[in-house]
Amino acid sequence: EKQQMQIDFEKIIDLSYNVDENSPRELPIDPVKIYDTATIEADGYFESRVDLSGHCATHIDVPCLMYADGFTVAEIPQEKLFGNTVLIDLSDSKCPGDAVTATDLANWTSDNGEIQAGDIVFLRTGMDQRVDQSSFNQKWIGFSEDGAQFLTEKGIKTVGTDACSIDSLAGHQGEGLPPAHLVFLGAGIPQVEDLKNLSLLPQQFYVTIAPLKLARSSGAPTRVFAFV
């Protein structure tokens, strides 16, 4: 039996950064390098090679980043890459360096409605407005451990943010691995980092997430489209 689905939308918004030498990234990640291997002038055609981390520009993280038995990018269950999406916009209430906690999320759902099992959740922190500033990858906004647990317990299937990391700054400064990464990826929830244009979105919309289908990789550059 065929499955039918209808999406009502007026426009499509690209939520992805270009992949180039200036792509946003966390500081431990090297910049992208693009090499011309053939040119129109010398060879009659144009070709290039790209040297980049799977965790540069708009990209997806998957469980094998933190867990030896976790799935790779090529193994992401396809249902996690599209669906109804809820935008949690805390850009007016959070400042660089802040964490988004379970209390913040409980207050948001009290004001805006419950998050449903199977939803995708994108967090708007406003950090994409600072992508050209040092604070973007030195003093960003992200989830605390209990914030990640709150969304995981709601049964979300994928999470995303406009910041350089899904974790709060504090999560990267403590001992051990970033806790929100451990919570989300431990629950099999892929996370998309370095989203842009979230300010153009309503609270609910439909999204498609299309990472390069990389084998043996814990991350991949990702094209993300919102249908609004």
Side-chain angles (χ1 to χ4, degrees), residues 15-34 49-83 85 100 120-123 125 127-128 131 136-138 140-145 147-149 151-152 155-196 207-225:
L15 307 183
S16 323
Y17 287 96
N18 287 350
V19 176
D20 60 24
E21 293 84 352
N22 298 312
S23 296
R25 57 192 170 87
E26 288 184 59
L27 284 178
I29 304 297
D30 290 330
V32 175
K33 295 180 181 179
I34 303 177
R49 292 179 63 87
V50 181
D51 178 357
L52 81 166
S53 165
H55 299 272
C56 195
T58 306
H59 67 277
I60 197 164
D61 292 349
V62 292
C64 72
L65 176 64
M66 298 286 172
Y67 297 95
D69 60 349
F71 57 77
T72 67
V73 174
E75 296 167 337
I76 300 173
Q78 65 182 22
E79 65 271 12
K80 293 181 179 290
L81 297 175
F82 58 90
T85 304
V100 175
I120 295 171
V121 170
F122 283 173
L123 172 67
T125 68
M127 289 306 300
D128 63 336
V131 69
F136 182 79
N137 56 13
Q138 295 182 33
W140 66 88
I141 301 163
F143 290 107
S144 65
E145 182 175 17
Q149 289 170 337
L151 291 179
T152 299
I156 69 168
K157 63 182 181 181
T158 302
V159 68
T161 180
D162 57 1
C164 68
S165 175
I166 208 77
D167 260 273
S168 68
L169 179 63
H172 284 266
Q173 294 176 328
E175 295 183 5
L177 295 170
H181 277 69
L182 292 172
V183 171
F184 285 129
L185 299 178
I189 299 171
Q191 51 198 39
V192 183
E193 297 169 332
D194 295 316
L195 291 164
K196 66 180 295 189
V207 79
T208 61
I209 301 167
L212 287 175
K213 196 174 180 180
L214 298 180
R216 303 191 308 280
S217 183
S218 63
T222 298
R223 197 76 183 266
V224 184
F225 290 111

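Throughout, residue positions are numbered sequentially from 1 according to the sequence presented.
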Trainee: Atom CE of Met127 and atom CG of Leu195: how far apart are they, to the nearest 0.5 Å?
Mentor: 13.5 Å

Trainee: Determine yes or no for a side-chain-to-main-chain donor-acceptor pair under 3.5 angstrom, with Lys157 supplying the side chain and Phe82 the backbone.
Mentor: yes

Trainee: Do Val50 and Lys33 come within less than 4.5 Å of each other through their side chains, counting heavy atoms only?
Mentor: no

Trainee: With the side chain counted from C-beta on, respond yes when Pro190 and Val159 share a heavy-atom pair under 4.5 Å apart, and no when they do not.
Mentor: no

Trainee: If we only count heavy atoms from C-beta on, is the His181 to Glu145 side-chain gap below 4.5 Å?
Mentor: no

Trainee: Short question: side chain of Thr222, backbone of Ala220 - any donor-acceptor pair under 3.5 Å?
Mentor: yes

Trainee: Hey, does Val192 have a side-chain heavy atom less than 4.5 Å from the side chain of Val224?
Mentor: yes

Trainee: Closer than 3.5 angstrom, by distance alone: can the side chain of Thr161 be matched with the main-chain N or O of Glu193 as a donor-acceptor pair?
Mentor: no

Trainee: Phe184: which residues meet the ring-ring contact (aromatic ring centres under 6.0 Å, His included) condition with it, sequence neighbours left out?
Mentor: Phe143

Trainee: Give me each pair satisfying salt bridge (Lys or Arg N to Asp or Glu O under 4.0 Å) with a member in residues 209-225, each pair once, sequence neighbours excluded.
Mentor: Asp14-Arg223

Trainee: For Leu169, give me all partners under side chain to side chain contact (heavy atoms under 4.5 Å, CB included), at least two apart in sequence or on another chain.
Mentor: Lys139, Trp140, Gln173

Trainee: Minimum heavy-atom separation for Val207 and Phe122, please, with both atom names.
Mentor: CG2-CE1, 3.9 Å

Trainee: Run the side chain to side chain contact (heavy atoms under 4.5 Å, CB included) test against Ser168 and tell me which residues pass, sequence neighbours left out.
Mentor: Ala99, Ala170

Trainee: Determine all donor-acceptor pairs shorter than 3.5 Å in which one atom belongs to a side chain in residues 22-32; sequence neighbours excluded.
Mentor:
residue: Ser23; atom: OG; partner: Asn18; partner atom: O; Å: 2.8
residue: Ser23; atom: OG; partner: Asp20; partner atom: N; Å: 2.8
residue: Ser23; atom: OG; partner: Asp20; partner atom: O; Å: 2.9
residue: Arg25; atom: NH1; partner: Ile29; partner atom: O; Å: 2.5

Trainee: I'd like to check the side-chain hydrogen bond (donor to acceptor under 3.5 Å, both in side chains) partners of Ser144; sequence neighbours left out, ordered by chain and number.
Mentor: Asp146

Trainee: Residues in side-chain hydrogen bond (donor to acceptor under 3.5 Å, both in side chains) with Thr125, at least two apart?
Mentor: Asp162

Trainee: Please report the shortest heavy-atom distance between Val19 and Ala57, naming the atom on each side.
Mentor: CG2-CB, 4.1 Å

Trainee: Quick one: does any side-chain atom of Lys80 pair with a main-chain N or O of Gly188 as donor and acceptor, under 3.5 Å?
Mentor: yes

Trainee: State, to 0.1 Å, how close Gln191 and Ala180 come at their nearest heavy-atom pair, and which atoms those are.
Mentor: OE1-O, 4.4 Å

Trainee: Of all heavy-atom pairs between Ser218 and Val73, which one has the smallest distance, and what is that distance?
Mentor: C-CG2, 4.0 Å

Trainee: Once ring pair (Phe, Tyr, Trp, His ring centres under 6.0 Å) is applied, what residue pairs with a partner in residues 55-80 remain, sequence neighbours excluded?
Mentor: His55-His59

Trainee: The criterion is side chain to side chain contact (heavy atoms under 4.5 Å, CB included); which residues satisfy it with Thr72, sequence neighbours excluded?
Mentor: Cys64, Ala74, Glu75

Trainee: Can you give me the closest heavy-atom contact between Pro211 and Ile209, atom names plus distance?
Mentor: CD-O, 3.4 Å

Trainee: Any chance you could lay out the side-chain contact (heavy atoms from CB on, under 4.5 Å) test for Ile60 and Leu81, step after step, and finish with the verdict?
Mentor: CA-CA 10 Å; Ile60 197 164; Leu81 297 175; 4.0 Å; yes

Trainee: Listed by chain and number, what are the side-chain hydrogen bond (donor to acceptor under 3.5 Å, both in side chains) partners of Thr58, not counting sequence neighbours?
Mentor: none

Trainee: Is there a side-chain contact between Ile189 and Ile156 (heavy atoms, below 4.5 Å)?
Mentor: yes

Trainee: Could you check if a side-chain atom of Leu185 sits within less than 4.5 angstrom of a side-chain atom of Leu65, using non-hydrogen atoms only?
Mentor: yes

